[in-house]
Amino acid sequence: MALSLYNTLTRHSDPFTPIEDALVRLYTCGPTVYNFAHIGNLRTYVFEDILKRVLRASGLAVRHVMNVTDVGHLTSDADAGEDKMALGAAREGKSVWEIADFYWQAFRADMQRLNLQEPDVWCKATDHIPEQIALIRTLEEKGFTYVADDGVYFDTSKLSDYGKLARQDLKALKAGARVEMSQSKRNPPDFALWKFSPKDKQRLMEWPSPWGVGFPGWHIECSAMAVKYLGERVDIHCGGIDHIPVHHTNEIAQAEAALGHQWVNWWLHGEFLVMAKDESGAGGKMSKSSGGFLTIATLVEKGYDPLAYRYFCLNAHYRQQLAFSWEGLDAAAHAFAHLKKTALELRKGYTGREKPLAAAMEEFLTACQDDLNMPRALASAWTMLRTPASPGELYATLLAMDEVLGLGIAAMQEESVGLSEAEIQQYIAARQAARKAKDFDQADAIRKELVAKGIVLEDGPAGTIWRKA
RNA sequence: GGCGGCAUAGCCAAGUGGCCCAAGGCGACGGUUUGCAAAACCGUUAUUCGUGGGUUCGACUCCCACUGCCGCCUCCA
């Protein structure tokens with residue numbers, strides 16, 4: 001059993017070994033809580049959940065830390081742009097703290113609906129201002145910072161290996177720069193560790209610091225909290241692929257400058273969900289300005305089970321862009337419904353004593369451990385369901401696989417409808433009588449009546465059963 | 001403009017030198033079943049992997065060119 005993971009740092013897949021034998025220190029960049037998470041954001045969290053489950057299925061314990069970014073960072077680089085949290089607060093007529101709490105809870109609800117296991121530690125940026133200030137002080141003492149008129153900056157020219165994660169050529173970066181560089185920065189890639197509040201107005205969120213009243217820069221929170229909760233060395237740090245060039249690059253810079261040694265061994269990044277092109281030609285990355293903004297709530301309104309979206313994500317590899325389309329989601333929803341029906345059927349023959357089929361499990365786990373190849377793992381699950389074995393064994397195997405898949409097999413229930421079981425049985429009996437009398441018009445009328453109530457009848461060898469339409 | 005990635009059946013998507021005349025799912029079609037259905041099950045659905053060259057005994061898999069699409073370089077999962 002060998003787990004291999006693709007490391008952005010080395011650009012290839014390597015056998016994974018944790019620093020400490022049986023404990024994996026995992027840090028995943030969490031949400032900025034000023035709006036609902038869209039399904040593109042959520043794809044990354046599904047990938048991280050799979051990672052966690054595969055680590056556990058590989059016999060490793062995991063300590064998982066996720067941050068909540070509740071400090072109002074700016075909508076664009078440097079001094080331009082507005083505070084995202086303040087924007088949200090103004091939009092909804094609430095305080096920034098209410099906004100933060102509301103959207104954090106909304107995020108947790110989304111996680112629950114997608115069967116994402118919660119982290120062991122949730123940490124909010126605003127609860128860790130002293131830790132962030134302490135980290136900036138350390139950097140200052142070591143000579144990595146400078147104070148400009150609008151904040152304290154990290155001097156990237158002091159690090160010889162700045163940008164190693166993104167493998168960016170700093171000169172090329174300068175040449176291609178589309179953004180005007182903040183006047184106060186010495187080098188284009190320099191980034192703020194602490195920003196001062198504007199002199200003419202009070203910010204909704206600000207704190208005193210040795211350098212003046214203000215708020216922490218965006219990158220510093222993750223480093224400060226990761227060190228606090230996971231120690232000076234981290235096994236795996238994850239996030240979306242967009243974090244490679246800026247956020248994670250800067251996290252590495254500040255953390256390694258402060259610690260004086262390599263900080264994270266494995267960087268894993270999830271690719272984007274992109275919108276399939278529509279007739280108007282619109283498509284690409286999901287964002288508020290273009291390409292639509294779909295949330296779990298949107299999917300539920302349209303009648304999809306959130307887990308159908310999880311299944312949809314599992315059908316593609318996490319390092320591959322996944323094109324979202326309603327047709328694609330429909331296909332996943334059908335597949336998921338089929339799986340559910342199969343599981344409920346197999347469960348009838350399950351006593352709780354059956355063991356998972358060893359060969360099938362091995363094939364499944366091998367796929368999971370090959371850099372989380374869930375499409376292959378899922379394929380092996382479908383193949384397993386066709387192997388000659390007792391329903392109980394198949395169900396036991398499916399349950400074991402679901403430890404990783406997280407499709408909620410054990411919790412699946414026949415869906416309830418408006419009518420009681422006894423009432424439905426009366427309809428069935430009446431139709432049965434009509435059928436016996438060869439009065440098929442009457443039998444079909446009863447069936448039609450039930451369809452109108454959302455119930456479908458199916459005549460099988462064991463009699464007539466019903467299910468929700 | 002610079003950097004990176006991708007292109008596999010109607011759709012989604014694995015595979016990345018011989019096990020591939022290419023996994024799995026969805027859809028479609030045919031069959032079993034049914035009073036008719038539905039569901040389920042069985043079968044069929046790419047001799048071929050964007051196009052053109054090259055390397056090799058052998059390429060979907062490596063190299064080059066071309067075409068198309070996407071992402072990053074700016075807050076961003």
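Since this is a predicted model, take the numbers as computed values, not measurements.
- Atom P of nucleotide B:rU74 and atom CG of A:Asp190 are separated by 13 Å, given to the nearest angstrom.
- The aromatic rings of A:His338 and A:Trp382 sit tilted relative to each other, their planes meeting at an angle between 30° and 60°.
- By the 4.0 Å N-to-carboxylate-O rule, A:Arg467 lies too far from A:Glu345 to be salt-bridged with it.
- The A:Ala335 side chain lies nearest to B:rC26 when the options are B:rC36, B:rC26, B:rA77.
- Listed candidates were B:rG25, B:rG15, B:rA77. Nearest to the side chain of A:Tyr311 is B:rG25.
- In this structure, the nucleotide among B:rA13, B:rG71, B:rG35 sitting nearest to the side chain of A:Val274 is B:rG71.
- Partner of A:Tyr318 under the side-chain hydrogen bond (donor to acceptor under 3.5 Å, both in side chains) criterion, chosen from A:Asp371, A:Asn373, A:Thr44: A:Asp371.
- In this structure, A:His317 has no ring-ring contact (aromatic ring centres under 6.0 Å, His included) partners at least two apart in sequence or on a different chain.
- A:Thr69 is not listed as a side-chain neighbour of A:Pro31, based on a closest heavy-atom distance of 4.5 Å or more.
- To the nearest angstrom, C1' of B:rA37 lies 14 Å from CD1 of A:Ile465.
- With salt bridges taken as basic N to acidic carboxylate O contacts below 4.0 Å, none links A:Asp49 and A:Lys52.
- Side-chain proximity of A:Pro375 to B:rA77, B:rG35, B:rA23: nearest is B:rA23.
- Within 4.0 Å (heavy atoms only), A:Asn373 reaches sugar-phosphate atoms of the nucleic acid but no base atom.
- Within 4.0 Å of A:His317, counting heavy atoms only, lie sugar-phosphate atoms of the nucleic acid but no base atom.
- Relative orientation of the A:Phe324 and A:Trp326 rings is perpendicular, given thresholds of 30° and 60° on the angle between their planes.
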Close N or O pairs between protein and nucleotides 4-12 of chain B (under 3.5 Å):
{"residue": "B:rC12", "atom": "O2", "partner": "A:Asn315", "partner atom": "ND2", "Å": "3.2"}

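- You won't find any donor-acceptor pair under 3.5 Å spanning the side chain of A:Arg386 and the base of B:rC42, going by distance alone.
- When distances are taken from the side chain of A:Thr32 to each of B:rC26, B:rA77, B:rC72, the shortest belongs to B:rA77.
- When the C1' atom of B:rU16 is taken as reference, atom CG of A:Asp370 falls 11 Å away, rounded to whole Å.
- Distance A:Tyr318 OH to B:rA13 P: 17 Å, rounded to the nearest Å.
- RNA chain B forms stems at B:1-7 with B:67-73, B:10-12 with B:24-26, B:27-32 with B:40-45, B:50-54 with B:62-66, each a run of 3 or more consecutive Watson-Crick or G-U wobble pairs whose two key distances fall under 3.5 Å.
- For B:rG18 and B:rG31, the C1' atoms lie 37 Å apart once the distance is rounded to whole Å.
- Not a single donor-acceptor pair, N or O on each side, falls under 3.5 Å between the base of B:rA39 and the side chain of A:Arg467.
- For A:Arg113 and A:Asp305, the salt-bridge test fails: no basic side-chain N is under 4.0 Å from an acidic carboxylate O.
- Using a 4.0 Å heavy-atom distance criterion, A:Lys438 is classed as making no nucleic acid contact.
- Among B:rC36, B:rA14, B:rG24, the nucleotide with an atom closest to any side-chain atom of A:Trp382 is B:rG24.
- Within the nucleic acid shown, A:His338 comes within 4.0 Å of sugar-phosphate atoms alone, with no base atom in reach, counting heavy atoms only.
- Nucleic acid contact for A:Thr383: sugar-phosphate only, since backbone atoms but no base atoms lie under 4.0 Å from a heavy atom of the residue.
- Ring orientation note: the planes of A:Phe107 and A:Tyr45 are nearly perpendicular, at an angle over 60° on the 30°/60° scale.
- Taking atom P on both nucleotides, B:rA7 is separated from B:rC49 by 14 Å, rounded to a whole Å.
- Considering only the side chain of A:Asp459, B:rA37 comes nearest among B:rA77, B:rC72, B:rA37.
- For the pair A:Lys348 NZ and B:rA40 C1', the interatomic distance rounds to 12 Å; values are reported in whole Å.
- Annotation: cation-pi pair A:Arg319/A:Tyr6 present, NZ/CZ under 6.0 Å from the ring centroid and within 45° of its normal.
- Taking atom NE2 of residue A:His243 and atom C1' of nucleotide B:rA77, one finds them 7 Å apart after rounding to whole Å.
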